[in-house]
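Treat the numbers as computed from the prediction; the structure is a model and nothing was measured. By convention in this document, chain letters (A, B, ...) are assigned in the order of the sequence lines, proteins followed by strands, and residues within each chain are numbered from 1.
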Amino acid sequence: MRELEKTYDPSLVEDKIYKLWEKGEYFTGVIDPDKKPFTIVIPPPNVTGQLHLGHAFDNTLQDILIRFKRMQGYAALWVPGTDHAGIATQIKVEEELRNNEGLTRYDLGREAFLERVWAWKHTYGSRIVEQLKKLGTSCDWSRERFTMDEGCSKAVREVFVNLYEKGLIYKGLRIINWCPNCTTALSDAEVEHEERESLLYHLCYPVLGSLDTLVVATTRPETMLGDTAVAVNPKDKRYKHLIGKTAVLPLVGRELPIIADDYVDSEFGTGCVKITPMHDPNDFDIGQRHNLEQVLVIDDNAKIINSGKYNGLDRYDARKEVLRDLEELDLLVKTEEHKLNIGTCHRCSTVVEPVASKQWFVSMKPLTVEAIRVVEDNTIRFVPERFSKIYTHWMENVRDWCISRQLWWGHQIPAWYCSCGHVTVSRTDPDKCGKCGSADIKRDEDVLDTWFSSALWPFSTLGWPDKTEDLEYFYPTDVLVTGYDIIFFWVARMIFSGMEFMKQAPFHTVFMHGMIRDSQGRVMSKSLGNGVDPIEIIDKYGADALRFYIVTGNSPGNDMRFYPERCEAMRNFANKIWNASRYVMMNLGEMRQRDGSLPLELEDKWILSKLNRLAGEVSDNIDKYELGVAAAKIYDFIWDDFCDWYIELTKPRLTNLQITNSNSEHVDDTAQQVLVRVLTDFLTLLHPFMPFITEEIYQALYSGRTAFAPAIMTRAYPKFDEALNFPIEEAKFESVKAAIHAVRSRRSEMNVPPSKKSALIIVTDEPDIFEAGESYIARLAYASTVTVTSKPPADISGFVTAVTNDARLFMPLSELVDVAKERERIEKEISKAKADIEKLEQKLANAAFTAKAPEQVVNTEREKLSRQSALLSNLEASLEEL
RNA sequence: GGGAGCUUAGCUCAGCUGGGAGAGCACAUGCCUUACAAGCAUGGGGUCACUGGUUCAAGCCCAGUAGUUCCCACCA
């Protein structure tokens, strides 16, 4: 046993303890046929990222679950790893390249640039891992993976080729979201929508060979440069006569067929729509249906092309120019205000350009069938449940997934083009065309969406496509813990990938959490500069305090506001535990081995019973993912029950503290044993939540004792044990507590300082429980002497009284007694008791209640009534004697 | 246009399958009672947004209203 410092200093403890765990290899997932596996895969953070509070939140939850299951005896495995984060990482390296050397990636060329990215990865890739360790995460680092390591890349390749062979991956010309800043295609999920005030412009298009004109409405006049038709609804009488005729595109002069299509809503705008097949998804479809000409007028950098004098203009400058020119020609008929939903790049917030482009797609419909089924039939359960609806709705309406990105950092698409037109897609790099045999083949330059590899994470990290023992034993994983912001990006894609390739759901539970916001409820972001660095919090308050703060006061799926200074309360809690442990240890003396059981006092049974019930409830709560509730219960037990009561109760029993009682050699073995037992058990219960301090104290208590587990994290998680259930004793002790509380309250009301002790006479029908507690009652109720009796003193005047339902308490503090005031007070309490009794009697007199309410509820009400009645008679007795 | 969440003490939030409203912080009063002032004791403070319904019983379930936040959506 080692002595502890007076205050807890996490900075002296945490790194040391983490090393102890790593040295003991306690995080290692061990395949054990006699155990049930429990697996979590980490949501892989960006390899070059830094830990933010969102990670802290996410990983704290995972660590609590995995430690809990590990202690319950599961073969627990938490697979860690990082994500190559295509765009994010590439942008960072490009930025550095530009700032330091004034170069672009094209200056370096693909190969040299990728070398730079790998170098960057090697420099910064371990940072996030080290930061996760500071949080205390018990990941199996020996199994750490990276989305671009050999195994994951092999999985990606296999999946791509396999889906291609099944016809579920194809390359085609489709409208995609193009970010002109990132210069790459994006998937629908990567586009954010925001509503903006905009204008709806009405443009006039003349009809060829006629005086008629058509007025079309558009929010994006610059796209008119790419118009190849005008469409009206076939039923629209206003325009029926023009269908089949030709309009002339102003400024450009292109002849536009006037076509009829049901897509056009006659009610909206003018009922006439300009059709720009290459720059609008609907127009693209119409273009397909009517076989329209396709004119691309906006390039990769959002500059105008194929449009004569407008060429080279930025899209917004082009808008101004076009409008000015139209106005000059008197063809801008009207401008009205209009709310517009605009798509922006989720990475850089640039307005994305819908543009037709040849890209690779995953054909989604066939993959959604099983992905929807497993959620609907509860094979996969979302916690909280409401997220399953969001998931299902998305899955039911999802469009094909654009997976090619015009980037270099990522998994290069395994497709080779031959001049013969054939595309060779292969698991191994081919040296010749799969059709004509020509060696002159060229690989697709694009890489895959980062989420393509993340989608395989639950099985690629376990070795798939190889049939590994890990995959066999640990797959499917159990719980996926993540924020609701990546349900579509990641969760949905893991589910359909798991179903397609493993024929098994990748996890049975998706445990969702919310976002961490700043103190004003705003999302934390770099641009706002309102981010809080968890590492700073850990340095200041300790990882345990951060973890505990995050997990309490928050319920599944809900956002939380973060106030750094509120970690202080949790640091104080850690310190409280620390000092409670010091108290236990300084009173332990030699820990003697005992034969047989010790006689337990009432208060011992009380605390053991409460602890025992706590153990049962905590496990239940964690099983139901109510981590905050579990944590709060442990907090209350430790602070209120153990520290504020039980420790105080043991003080008179332990000679070390009984300075006045010098002749006593007696050490209460029972108190010692119960203290250390309760301490050890609640530390164990708390360990998943506050791993560092609990381990440190455990080590201080038990290190070198071979009879005990080498680390608290290897102990079995406490369970409910019927042998330690003492409900009657619990209730009895609550009576004692109530009496002590009543005395303190009365003294406080009358401003009697604790130093002024007085005799205390307890009048009760249950003398045993009070007599047994005389010594601590004296201490806690500031009494000089305690007398337990069944009869009140003959002359009651001059006593301060306090009343509970099973005790009347008398303190001779005559100088403080004001009979009139006392009478008033008691009368007030009497009327309150009477009111309570009346309510209870009414309730119990209600036949519907006694008939329909469960017996237990009725009994509780009866008990309440009898307690209130007892209280009332005690109060009345006191009043009478006054 | 569809969908979801939230509204509980001064602040931030819990409240699990309906059975007498809780925590932290803040506030007030008194305490250095040798584990802990990062503490102890005592206390004040709530029309559980509003309206109606179901029920013996509603903060909790149902319907609606208001405010608020978010997600989804190819009406120019």
If you look at every strand shown and take non-hydrogen atoms under 4.0 Å, does [X] touch a base, only sugar-phosphate, or nothing?
X       : result
P854(A) : base
V858(A) : nothing
N751(A) : sugar-phosphate
G542(A) : nothing
K274(A) : nothing
Y563(A) : sugar-phosphate
I647(A) : base
E648(A) : base
N846(A) : sugar-phosphate
I275(A) : nothing
F284(A) : nothing
R399(A) : base

Any sub-3.5 Å donor-acceptor pair from H202(A)'s side-chain atoms to T270(A)'s backbone N or O? no
Verify, without hydrogens or angle tests, whether N233(A) (side chain) and V264(A) (backbone) share a donor-acceptor contact under 3.5 angstrom. yes
Among I176(A), I175(A), L186(A), which residue satisfies the side chain to side chain contact (heavy atoms under 4.5 Å, CB included) criterion with C402(A)?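 Going through I176(A), I175(A), L186(A) one by one, the side chain to side chain contact (heavy atoms under 4.5 Å, CB included) with C402(A) is satisfied by I176(A) alone.
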Considering the options D640(A), T650(A), L780(A), which one meets the side chain to side chain contact (heavy atoms under 4.5 Å, CB included) requirement together with W645(A)? L780(A)
To the nearest angstrom, how far is [X] atom [atom1] from [N] atom [atom2]?
X       : N      : atom1 : atom2 : value
Y484(A) : U69(B) : OH    : P     : 13 Å
Q856(A) : C56(B) : CD    : C1'   : 17 Å
M560(A) : C70(B) : CE    : P     : 19 Å
I487(A) : C70(B) : CD1   : P     : 16 Å
W578(A) : C36(B) : CH2   : C1'   : 12 Å
R517(A) : U68(B) : CZ    : C1'   : 12 Å
I550(A) : A14(B) : CD1   : P     : 15 Å
L627(A) : C13(B) : CG    : P     : 19 Å

Aromatic ring proximity, centroids under 6.0 angstrom, F488(A) and H393(A):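 Distance test on ring centres: not under 6.0 Å, no.
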When the aromatic ring centroids of Y549(A) and Y563(A) are compared, is their separation below 6.0 Å? no
Apply the test side-chain contact (heavy atoms from CB on, under 4.5 Å) to residues T344(A) and E194(A): give CA-CA distance (whole Å), side-chain angles for both, the deciding distance (0.1 Å), then the verdict. CA-CA 8 Å; T344(A) 60; E194(A) 53 182 273; 3.7 Å; yes
[X] side chain near [N] phosphate (N/O to OP1/OP2, under 4.0 Å):
X       : N      : value
N558(A) : A14(B) : yes
K864(A) : G19(B) : no
R561(A) : C13(B) : yes
T270(A) : A76(B) : no
H193(A) : G2(B)  : no
S555(A) : A14(B) : yes

Say you draw a straight line from CG of L546(A) to SG of C567(A); how long is it, rounded to the nearest 0.5 Å? 5.5 Å
Could you let me know what [N] is paired to, Watson-Crick or G-U wobble, both distances under 3.5 Å, or none if it's on its own?
N      : value
G10(B) : C25(B)
C60(B) : none
G39(B) : C31(B)
U55(B) : none
A73(B) : none
A49(B) : U65(B)

More 5' along RNA chain B: P281(A) or R566(A), using each one's nearest nucleotide?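 Looking at the nearest nucleotide for each, R566(A) comes out on the 5' side.
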Would you mind telling me which residue lines up with the more 5' stretch of RNA chain B, A632(A) or M570(A), judged by nearest nucleotide? A632(A)
Which nucleotide sits closest to the side chain of [X]: [options]?
X       : options                : answer
N341(A) : G20(B), U42(B), A73(B) : A73(B)
Y583(A) : C16(B), A35(B), G19(B) : A35(B)
S745(A) : G43(B), C75(B), G20(B) : G43(B)
K624(A) : U42(B), A76(B), C16(B) : C16(B)

Can N572(A) and Y8(A) be said to form a side-chain hydrogen bond (donor to acceptor under 3.5 Å, both in side chains), step by step? CA-CA 9 Å; N572(A) 294 352; Y8(A) 175 58; over 6 Å; no
Taking only heavy atoms on the protein side, list every residue of residues 383-398 of chain A lying under 4.0 Å from any atom of RNA chain B, sorted numerically. R386(A), H393(A)
More than 12 non-hydrogen atoms from neighbouring residues, nucleotides or ligands closer than 6.0 Å to CD on E336(A), yes or no?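 Yes, the 6.0 Å shell around CD holds more than 12 heavy atoms from other groups.
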Taking the same atom, C1', in U51(B) and in A58(B), what whole-Å distance lies between them? 15 Å
K757(A) to Y782(A), cation-pi by 6.0 Å centre distance and 45° axis angle: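 No, K757(A) does not sit over the ring of Y782(A).
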Could you list all the salt bridge (Lys or Arg N to Asp or Glu O under 4.0 Å) pairs where at least one residue sits in residues 382-401 of chain A, not counting sequence neighbours?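 Sorted result for residues 382-401 of chain A: D188(A)-R399(A).
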Set out, in order, the CA-CA distance, both residues' side-chain angles and the distance that settles side-chain contact (heavy atoms from CB on, under 4.5 Å) for I342(A) and H193(A), then state yes or no. CA-CA 5 Å; I342(A) 202 152; H193(A) 296 272; over 6 Å; no
Between the protein and nucleotides 38-40 of chain B, list the N/O to N/O atom pairs that are separated by less than 3.5 angstrom.
unit_1	atom_1	unit_2	atom_2	d
A38(B)	O4'	N572(A)	OD1	3.0
A38(B)	O2'	N575(A)	ND2	3.2
A38(B)	N3	R571(A)	NE	3.1
G39(B)	OP1	N572(A)	ND2	3.2
G39(B)	O3'	K576(A)	NZ	2.8
C40(B)	OP1	K576(A)	NZ	2.7
C40(B)	OP1	W639(A)	NE1	2.6
C40(B)	OP1	D644(A)	OD1	3.3

